[in-house]
Amino acid sequence: MKIATWNVNSLKVRLDHLLAWLEKERPDAVCLQETKMENAVFPAAAIEAAGYQVAFSGQKTYNGVAILARAGVADVVDGIPGYADEQKRVLAATVGGVRLVCAYVPNGQSLESDKYRYKLDWLGAFTAWIGSELSRHPQMAVLGDYNIAPADEDVHDPAAWVGQVLVSEAERNAFSALCSLGFKDSFRMFPQPERSFTWWDYRMNAFRRKMGLRIDHILLSDSLAGKCRSVSVDVAMRALERPSDHAPVVAELDL
DNA sequence: ATGGCAGGAAGCTCCTGA
């Protein structure tokens with residue numbers, strides 16, 4: 001079973017990239033973030049024609065998540081239960097016996113921002129809910145754009161990022177707390193290339209200069225982590241014409 | 001030099017992202 005996460009930064013703009021990638025990589029399930037479209041205009045027919053069932057939760061301009069799966073999506077949950085939030089950032093579904101959670105964690109903007117407080121509050125509610133989900137679904141994966149670089153090796157220039165959002169101690173502690181529920185940051189279970197990132201700024205030729213961050217992650221529950229064969233970043237997707245600023249992360253499971 | 005690029009909605013400029 002091959003599962004993936006990709007922040008597409010507008011599904012309208014990236015649909016052709018997505019469909020070509022599905023045909024080439026043939027993942028069993030894909031979590032998308034930043035679809036930036038309302039449900040009424042979601043391109044479900046094109047995705048179904050590619051062989052996937054799809055669940056989606058979107059809004060205009062910002063946010064928006066979707067889960068695609070060849071085997072179909074069951075028991076879909078939209079949002080964090082009990083946490084009132086108009087922003088469409090979370091979708092959960094069961095695919096082939098595995099509970100998948102697709103998450104688009106708030107960016108936070110800056111440490112002084114109300115959006116940073118929202119990010120930490122959101123992460124608290126998310127972690128509490130994920131803990132309860134894990135107790136019901138031992139085989140679970142939490143995939144998405146976490147907007148957190150867990151360690152300095154996930155940052156192209158750690159000194160330049162000190163004091164910035166995405167690398168703060170509180171955010172990293174929140175990521176650790178999530179993992180401590182019983183998850184592995186699957187990417188680090190395997191040897192990886194130096195300077196492995198999943199996001200590169202559109203500006204300043206950041207991609208070509210390998211100036212990125214690793215902020216998109218696939219967390220695997222401990223029982224699922226033992227079945228993981230490989231995890232990689234599909235860097236080639238960032239090198240396409242008119243790319244998303246994020247590259248997909250792909251995990252292969254022995255399932 | 002706090003810029004740089006991209007997407008969306010609005011509408012000829014702004015907000016947001018990370």
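Lettering of chains follows the sequences in order, A, B, ..., and the numbering in each one begins at 1.
B/dC15 sits 15 Å from B/dG11 when the C1' atoms are compared, rounded to a whole Å. Using P as the reference atom, B/dT16 and B/dA1 are 26 Å apart when rounded to the nearest Å. Going from the C1' atom of B/dA18 to that of B/dT2 covers 15 Å, rounded to whole Å.
The 12-atom threshold is exceeded at CG of A/Asn39, counting heavy atoms of other residues, nucleotides or ligands nearer than 6.0 Å.
When the side-chain nitrogen and oxygen atoms of A/His246 are compared with OP1 and OP2 of B/dG17, none of them lie within a distance under 4.0 Å. Neither OP1 nor OP2 of B/dA6 sits under 4.0 Å from any side-chain N or O of A/Lys36. Proximity of A/Asn63 to the phosphate of B/dT16: no side-chain N or O atom is located under 4.0 Å from OP1 or OP2. For A/Asn9, no side-chain nitrogen or oxygen approaches OP1 or OP2 of B/dA6 to under 4.0 Å. OP1 or OP2 of B/dA18 lies within a sub-4.0 Å distance of a side-chain N or O belonging to A/Tyr104. The side chain of A/Ser10 contributes an N or O atom lying less than 4.0 Å from OP1 or OP2 of B/dG8.
Across the interface with DNA chain B, nearest-nucleotide mapping of A/Arg14 and A/Trp161 shows A/Arg14 to be the residue nearer the 5′ end.
A/Arg242 has its CZ atom 11 Å from the C1' atom of B/dG8, to the nearest Å.
Using a 4.0 Å heavy-atom criterion, one finds that A/Glu34 contacts the sugar-phosphate atoms exclusively.
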